[in-house]
Participant: 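Have a look at this one.
Note that the structure is a prediction, hence the values are computed from the model and not measured. Both ligands and their constituent atoms are indexed starting at 1 by order of listing.
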Amino acid sequence: MVTVIDGKALARKMRGEIAEGVARLKAKTGITPRLVVVLVGDDPASIVYVRNKEKGAAELGMSSETRRLPSSIKQDSLIEIIKELNSDGLVHGILVQLPLPKGISENEVVAAISPEKDVDGLHPLNMGKLLRGEEPLHLPCTAQGVIELLLSTGIELKGKEAVVVGRSNIVGKPVALLLLQKHATVTICHSRTRDLGGVIKRGDIIVAAVGSPGLIHGDMIKQGAAIVDVGTNRVGEKLVGDVDFESARERAGFITPVPGGVGPMTITMLLQNTLRAAELLSSK
Ligand code: GUN
């Protein structure tokens, strides 16, 4: 029998703990954690994501603001704004919503964020520490959410075959490194992988993060595998994952739904990182 992992319930529980942390920090130091999200342009999906981040922050007693900037902004001006936010003592977390418009280098913009305020965990220092097995100041939110969902099932990760489908900096690579840290045997596969189905079938744990609706079918899944579906693909009015839920649930031991799996956890981890950023900066 498959267990559907309830991301909403886990997110609710963790958000309760974060809200307590926010209240404790306020009582002890008078500091309210503050997140600034930088949104360049008017990509409709990004606008929805950003609104949910602001709403989530407010619910936990944090302060947040979205800086909306025109898609015509020059990279230098954007980096100037980030530098101002870096030196603003009232701002603890900075997130630049991706993707950025053509002509702006995401790498250069993300590298301009102070690593202490990099609540997305994407700064080269934080990603480099993750690669070296050192403790980063912040971990990428979705990757962290995937690990929390897996841990919530109680399954042992040590020694297991984990297959990560997708190699993005935001999800695939960090999730693979975190699984490796938990002593899983990790394979990363992607669009050029030969015999993708055969590779996926080795996985006791499968993390799907490719952005291809319904790519992974039940017949590619080992009996009893734990599946975390990071895909959020809009198909008409519906949001669907990278995993074909109906065929996959027939074979999986655990599976996350879309929506209601990884999505609520990503924002939860962002809020946890924002609290930690405020704690870090308040203890300086
Ligand atoms: N766009 C989609 N997901 C993310 C994310 O986790 N962080 C940022 N900065 N942009 C995103």
Participant: Quick one: nearest non-hydrogen protein atom to atom 4 (C) of ligand 1, plus distance?
Facilitator: I170 CD1, 4.0 Å
Participant: Heavy-atom pairs closer than 4.0 Å: do any link ligand 1 to the side chain of L98, the backbone, both, or neither?
Facilitator: both
Participant: Is there a side-chain contact between Q97 and V40, using heavy atoms and a 4.5 Å cut-off?
Facilitator: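 When only atoms from C-beta onward are counted, V40 and Q97 do not touch, as no gap falls below 4.5 Å.
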Participant: For atom 9 (N) of ligand 1, which protein heavy atom lies nearest, and how many Å away is it?
Facilitator: D120 OD2, 2.4 Å
Participant: Take a 6.0 Å sphere around CG of D88 and say whether it holds more than 12 heavy atoms from other residues, nucleotides or ligands.
Facilitator: yes
Participant: Any idea which atoms of ligand 1 are less than 4.0 Å away from a heavy-atom of V96?
Facilitator: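 Within the 4.0 Å cut-off of V96, ligand 1 contributes 8 (C), 9 (N).
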Participant: Looking at L131, is its backbone amide N or carbonyl O close enough to the side chain of K173 to form a donor-acceptor pair, meaning the two atoms are under 3.5 Å apart?
Facilitator: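 The answer is no, because no donor-acceptor pair under 3.5 Å joins these two groups.
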Participant: Below 4.0 angstrom from a heavy atom of L95, which ligand 1 atoms are there? Numbered from 1 as shown, please.
Facilitator: 9 (N)
Participant: Would you indicate whether the side-chain heavy atoms of L10 and M14 approach each other to under 4.5 Å?
Facilitator: yes
Participant: Are L215 and L196 packed together at the side-chain level, in the sense that at least one heavy-atom pair is separated by less than 4.5 angstrom?
Facilitator: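 They are in contact (side-chain heavy atoms under 4.5 Å apart), so the answer is yes.
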Participant: For Q97, is at least one N or O under 3.5 Å away from an N or O on ligand 1?
Facilitator: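 There is such a contact, yes.
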